[in-house]
Amino acid sequence: MGKFKTKFLRVATMALAVFALGACVTINVYFPAAEAQQAAEEFVEKVLGDEAAPAPAGDNPQAFHAPAPARFSLLSLLISDAAAQEADITIRTPAIQAIQDRMAARFQASLQPHFDSGALGFGKDGLLVLRDATKVALKDRVAVNQLVAEDNRDRNAVYREIAVANNHPEWEAQIRETFARQWVASARAGWWYQSADGAWKQK
């Protein structure tokens with residue numbers, strides 16, 4: 001009987017230690033890459049309009065690639081699904097919708113012809129770039145530069161706002177990277193974009 005009691009106490013002690021270890025682990029909410037990509041696609045295609053057609057992933061060097069499935073961990077058995085999970089990404093807040101509406105109106109009213117001409121391109125950082133000012137009439141260059149500056153203010157604001165709206169301001173850089181890929185993926189044939197090494201390429 002004493003041997004059984006000793007064995008029981010040993011097992012109980014080990015179990016308690018394992019659960020204590022699990023309780024001390026900092027629970028991370030992982031960046032939901034797939035959900036972020038879906039949100040970016042919805043946002044970008046509304047800004048660019050219905051005619052924007054994403055290229056097949058195999059043809060786009062900046063196309064989104066889903067992360068590999070997480071490896072199984074014994075510790076995960078100790079952590080509830082509510083504690084360790086991937087959060088959803090929402091873009092349906094008044095502030096985000098207002099930025100989206102402004103960007104869509106600006107693009108469709110003024111910016112699209114300059115993408116079609118090759119004057120503008122999508123930068124690798126998710127911003128707009130006036131890549132060839134010679135394709136803009138001299139009388140229009142000041143106005144185009146102002147439009148680019150306004151659009152980039154909205155772009156910076158929306159990347160930050162999406163991260164904050166989802167209660168993870170530390171995700172801003174990852175949101176920006178996701179959107180940078182999606183602007184390229186949704187670009188129309190003939191538009192220009194900047195690759196990761198800074199080189200300009202035409203879709």
Side-chain angles (χ1 to χ4, degrees), residues 32-57 59-60 62-64 88-133 135-137 139-169 171-195 200-203:
E35 289 82 356
Q37 192 271 333
Q38 291 170 0
E41 182 177 357
E42 177 185 336
F43 184 99
V44 167
E45 291 189 356
K46 180 177 178 182
V47 170
L48 298 185
D50 294 336
E51 295 179 23
D59 295 339
N60 181 5
Q62 295 190 7
F64 170 78
D88 291 328
I89 289 286
T90 180
I91 56 172
R92 301 182 185 283
T93 70
I96 294 170
Q97 298 279 283
I99 296 172
Q100 185 181 44
D101 290 343
R102 283 200 306 271
M103 290 178 67
R106 186 183 299 116
F107 177 82
Q108 292 161 24
S110 306
L111 293 176
Q112 181 176 341
H114 301 296
F115 275 96
D116 293 340
S117 73
L120 297 182
F122 293 116
K124 63 181 181 179
D125 55 1
L127 299 180
L128 292 190
V129 178
L130 180 59
R131 56 168 295 275
D132 190 349
K135 295 184 179 296
V136 180
K139 63 182 178 62
D140 296 328
R141 287 182 192 173
V142 171
V144 170
N145 274 311
Q146 183 175 348
L147 287 168
V148 169
E150 290 172 357
D151 209 68
N152 282 338
R153 278 196 294 273
D154 278 340
R155 286 166 180 263
N156 285 326
V158 82
Y159 303 149
R160 180 173 59 254
E161 185 63 34
I162 291 172
V164 170
N166 287 278
N167 299 314
H168 286 280
W171 286 352
E172 182 179 344
Q174 290 162 291
I175 294 289
R176 178 184 294 272
E177 290 168 5
T178 302
F179 269 74
R181 290 191 296 265
Q182 188 59 48
W183 291 113
V184 176
S186 295
R188 300 172 193 171
W191 289 3
W192 290 83
Y193 67 93
Q194 199 174 29
S195 61
W200 284 100
K201 298 183 178 181
Q202 193 171 25
K203 186 135 179 220

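For clarity, every value in this text was computed on a predicted model and none was experimentally measured. Along the sequence shown, residues are numbered consecutively beginning with 1.
- Between Phe107 and Trp191, a ring centre-to-centre spacing shorter than 6.0 Å is recorded.
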Begin from the C-alpha positions of Asp154 and Gln100 and carry the test side chain to side chain contact (heavy atoms under 4.5 Å, CB included) through to its verdict. CA-CA 8 Å; Asp154 278 340; Gln100 185 181 44; over 6 Å; no
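- A salt bridge links Asp101 to Lys46: at least one charged side-chain nitrogen sits closer than 4.0 Å to a carboxylate oxygen.
- Side-chain contact check for Glu42 and Gln38: no donor-acceptor pair (N or O, by modelled atom type) lies under 3.5 Å.
- Between Leu130 and Leu120 there is a side-chain heavy-atom pair separated by less than 4.5 Å.
- Arg155 is listed as a side-chain neighbour of Met103, based on a closest heavy-atom distance under 4.5 Å.
- Interatomic distance, Trp183 CH2 to Asp125 CG, rounded to the nearest 0.5 Å: 12.5 Å.
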Audit row: Arg188, Gln112, side chain to side chain contact (heavy atoms under 4.5 Å, CB included) steps and yes/no: CA-CA 10 Å; Arg188 300 172 193 171; Gln112 181 176 341; 2.7 Å; yes
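- Distance NE2/His114 to CZ/Arg131: 14.0 Å, rounded to 0.5 Å.
- Each of Tyr193, Phe115, Trp192, Phe179 was evaluated against Phe122; a single residue qualifies, Phe115, per the ring-ring contact (aromatic ring centres under 6.0 Å, His included) test.
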After noting the C-alpha distance and the side-chain angles of Ile162 and Trp171, does the key distance pass the side chain to side chain contact (heavy atoms under 4.5 Å, CB included) rule? CA-CA 9 Å; Ile162 291 172; Trp171 286 352; over 6 Å; no
Determine whether Gln37 and Gln182 satisfy the following criterion, side chain to side chain contact (heavy atoms under 4.5 Å, CB included), listing intermediate values before the conclusion. CA-CA 7 Å; Gln37 192 271 333; Gln182 188 59 48; 3.0 Å; yes
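- Side-chain contact between Ile175 and Asn166 is absent, with no heavy-atom pair separated by less than 4.5 Å.
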